[in-house]
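Presented below is the structure to which this report refers.
Since the model is a prediction, treat every value here as computed from it, not as a measurement.
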Amino acid sequence: MGHRWGDTVTVKSLKNQMLISDKSFVALRFLSRLKGWIGKRRTEPGEGLLFPDCRSVHMWWMSIPIDIVFLAHAGGNRWRVTSAHARVRPWKVLPLNDFKASETLELPVGTIERCNVEAGDELCIDSPS
């Protein structure tokens, strides 16, 4: 909320203080939202894509699995995890939806497990200092 296109934000768990992502790109423009991670062959630790006003994710044309975290605004720079989906495979036929969410965070596969992210957790999303 309140981020501009092209911003990079950091995402931290308030439950265990784990740094989930220090390079999450805020995808606001149509083409950046449409492309997402399509065409990527690998991800770097700390990468992420944050999609404001997004409650549904498709995996068509993806070549790598990713972790997907759906979020709802909890006030200020805090967000509540409404659902977390680890190791979502590429070319999944049906879209993944969470209508309780207002934003979607896509992360490198293994991030949810490494950071112990689960529904109900609160995350802090900030611009890097």
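- Residues Val26 and Val9 are in side-chain contact: their nearest non-hydrogen atoms beyond the backbone lie under 4.5 Å apart.
- A search for side chain to side chain contact (heavy atoms under 4.5 Å, CB included) contacts involving Leu96 returns Ile68, Phe70, His85, Val88, Lys92, not counting sequence neighbours.
- For residues 61-85, the salt bridge (Lys or Arg N to Asp or Glu O under 4.0 Å) pairs, not counting sequence neighbours, are Arg78-Glu122.
- Met62 and Pro90 get closest at one heavy-atom pair: O-CB, 3.2 Å.
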Kindly list each side-chain donor-acceptor pair under 3.5 angstrom involving residues 111-119, sequence neighbours excluded, with atom names and distances?
{"residue": "Thr111", "atom": "OG1", "partner": "Pro108", "partner atom": "O", "Å": "2.7"}
{"residue": "Glu118", "atom": "OE2", "partner": "Lys15", "partner atom": "NZ", "Å": "3.3"}

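- Applying the side chain to side chain contact (heavy atoms under 4.5 Å, CB included) test to Gln17 and every residue at least two apart in sequence or in another chain returns Lys12.
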What's the verdict on side-chain contact (heavy atoms from CB on, under 4.5 Å) for Leu14 and Leu123, showing C-alpha distance, side-chain angles and the deciding distance?
CA-CA 5 Å; Leu14 295 177; Leu123 307 182; over 6 Å; no

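- Note that the CG atom of Asp121 and the CG atom of Asn16 stand 7.5 Å from one another [nearest 0.5 Å].
- Taking OG1 of Thr8 as the reference point, atom CD of Glu47 lies at 10.5 Å (rounded to 0.5 Å).
- Residues satisfying the side chain to side chain contact (heavy atoms under 4.5 Å, CB included) criterion with Pro95, sequence neighbours excluded, are Ser56, Asn97.
- Contact detail for Pro45 and Lys23: the closest heavy-atom pair is O-NZ, 3.2 Å.
- With rounding to the nearest 0.5 angstrom, the CG atom of Leu50 is 5.0 Å from the CD1 atom of Ile125.
- One hydrophobic cluster, built from ILVMFWY side chains closer than 4.5 Å, cannot hold both Met18 and Trp79; they sit in different ones.
- Using modelled atom types, no side-chain atom of His58 and backbone atom of Trp61 make a donor-acceptor pair closer than 3.5 Å.
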Assess whether side-chain contact (heavy atoms from CB on, under 4.5 Å) is satisfied between Glu106 and Phe51, documenting all intermediate values.
CA-CA 8 Å; Glu106 296 182 354; Phe51 295 90; 3.4 Å; yes

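- Smallest separation of non-hydrogen atoms from Pro65 and Val109: O-CB, 3.7 Å.
- For the residue pair Asp98 / Thr82, a side-chain donor-acceptor distance below 3.5 Å is found, with atom types taken as modelled.
- In this structure the side chain of Val69 reaches within 4.5 angstrom of the side chain of Leu107, judged on heavy atoms.
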Apply side-chain contact (heavy atoms from CB on, under 4.5 Å) to residues Val81 and Leu71 and explain how you reach the verdict.
CA-CA 5 Å; Val81 175; Leu71 305 167; 3.9 Å; yes

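- In terms of the side chain to side chain donor-acceptor pair (under 3.5 Å) criterion, residue partners of Ser24 (sequence neighbours excluded) are, by chain and number, Ser21.
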